[in-house]
Amino acid sequence: MNYSLELRNETFSDWNNYLMLNNLGNIFNTLEYAQYADKWLNWKPIFCRVLDPSGKILMQNVIFQYISNSDKIPRFLRGTIRKLRNAIRWNYGPVTCSQEAASFFLSEIQKKYRRIYGTTHPLSDLQYPFKKNIWCTFLIELNKTEDEIFGKISKHNGQKNIQRSIERDVVVEEITESTLQDYFYLLQNYRTSMKFEVTKNEEFVD
């Protein structure tokens, strides 16, 4: 494998174009998500590409340097602590259909970082030499009919709740600027009840 790995703190000009052309492209690898994570999560993005000898792009992945619970650490110390911990993560990546490119990326990235955490795309069948935690992603094929989609939903947990919502006249509507605060209130109640980190209001109106 005569591949090369490129790492940049700034995005490549055609970054999102590759994602649009790849079946595993997703929002969590876009420039826009990287900007969001940098501003609101304090994750520092690094844009990664694997190229073949001709310069063809074989893989892309946004990785993030991060510190767990960084809000508890004084801002002026975060850069130093980030270097000491030397940890990275990514979501729904790497974006590639090439096992060789993915393996090359992982072998190179393991030389640079001690602690690595990542989630894979649910449609990827590539293998990774990491400890695995089983998790689930809901996939909805919107090209199916309403009856077909409903039929694939769990009868006990899903269909029953849908029928109950219909009986209670629950209305589902698209969020608008005028209803954004209502959604924020519901989200905060849910996250608090689950003991998740509370989202900042400014994140929704920025």
Side-chain angles (χ1 to χ4, degrees), residues 3-52 55-98 101-124 126 128-133 135 137 187 191 196-206:
Y3 297 154
S4 60
L5 174 66
E6 291 190 15
L7 304 176
R8 292 188 185 180
N9 292 324
E10 300 293 333
T11 186
F12 297 79
S13 61
D14 58 345
W15 183 265
N16 283 354
N17 292 341
Y18 174 85
L19 302 178
M20 294 292 291
L21 298 174
N22 194 294
N23 290 335
L24 302 182
N26 59 84
I27 190 173
F28 296 102
N29 268 276
T30 60
L31 168 62
E32 290 75 14
Y33 181 78
Q35 293 171 334
Y36 159 80
D38 186 16
K39 181 174 183 178
W40 294 107
L41 304 179
N42 292 316
W43 296 354
K44 307 309 294 183
I46 301 173
F47 299 87
C48 308
R49 271 182 171 173
V50 171
L51 308 175
D52 71 6
K56 179 181 178 180
I57 304 168
L58 300 179
M59 187 225 76
Q60 282 191 178
N61 202 19
V62 180
I63 63 175
F64 299 96
Q65 289 183 304
Y66 74 104
I67 303 172
S68 300
N69 300 319
S70 61
D71 288 342
K72 299 179 181 179
I73 301 171
R75 184 172 292 276
F76 70 91
L77 289 176
R78 290 178 188 172
T80 301
I81 294 174
R82 181 179 294 113
K83 290 179 181 178
L84 291 175
R85 292 196 177 182
N86 202 23
I88 62 163
R89 65 169 295 143
W90 65 77
N91 298 326
Y92 292 89
V95 180
T96 182
C97 295
S98 167
S103 297
F104 174 78
F105 163 74
L106 292 175
S107 67
E108 292 298 305
I109 220 69
Q110 285 178 297
K111 298 175 184 177
K112 300 177 181 294
Y113 301 96
R114 291 183 301 171
R115 298 175 62 240
I116 299 174
Y117 171 80
T119 59
T120 58
H121 195 286
L123 299 182
S124 174
L126 303 184
Y128 300 96
F130 292 139
K131 178 182 177 181
K132 298 180 180 179
N133 293 324
W135 60 290
T137 297
L187 177 64
R191 295 187 69 85
F196 294 156
E197 183 178 353
V198 176
T199 306
K200 298 179 178 64
N201 184 50
E202 294 84 356
E203 186 177 327
F204 285 80
V205 297
D206 184 24

Which distance, rounded to the nearest 0.5 Å, do you find between the [atom1] of [X] and the [atom2] of [Y]?
X    : Y    : atom1 : atom2 : value
W90  : W43  : CH2   : CH2   : 13.0 Å
I46  : F64  : CD1   : CZ    : 10.0 Å
L7   : K112 : CG    : NZ    : 5.5 Å
T119 : N26  : OG1   : CG    : 8.5 Å

Quick check: do [X] and [Y] have side-chain heavy atoms less than 4.5 Å from each other?
X    : Y   : answer
F105 : I63 : yes
L51  : L58 : no
Q60  : F47 : no
N61  : N29 : yes
Y128 : P94 : yes

Tell me, please, which residues at least two apart from [X] pass side-chain hydrogen bond (donor to acceptor under 3.5 Å, both in side chains).
X    : value
K111 : E108
N22  : Y18
N17  : none
Y33  : N91

Indicate the atoms forming the closest heavy-atom contact of [X] with [Y], along with that distance.
X   : Y    : result
Y3  : F104 : O-CZ, 3.4 Å
V62 : P45  : CG1-CB, 4.1 Å
E10 : R8   : O-CB, 3.1 Å

Task: Inter- and intrachain pairs under salt bridge (charged side-chain N to carboxylate O under 4.0 Å, His left out), touching residues 11-37, at least two apart - done: D14-R49
Task: Residues in salt bridge (Lys or Arg N to Asp or Glu O under 4.0 Å) contact with D52, at least two apart in sequence or another chain - done: none
- [ ] Output all residues satisfying side chain to side chain contact (heavy atoms under 4.5 Å, CB included) with L123, sequence neighbours left out; order by chain, then residue number.
- [x] L24, H121, L139
TODO: Report the residues that fulfil ring pair (Phe, Tyr, Trp, His ring centres under 6.0 Å) with F12, sequence neighbours left out, ordered by chain and then residue number.
DONE: W15
Open item on the list: side-chain contact (heavy atoms from CB on, under 4.5 Å), that's the test. Do I109 and I116 meet it? Break it down for me.
Closed with: CA-CA 9 Å; I109 220 69; I116 299 174; 3.7 Å; yes
Task: Backbone of L31 reached by a side-chain donor or acceptor of N16 within 3.5 Å - done: yes
- [ ] Assess whether side-chain contact (heavy atoms from CB on, under 4.5 Å) is satisfied between T120 and L126, documenting all intermediate values.
- [x] CA-CA 9 Å; T120 58; L126 303 184; over 6 Å; no
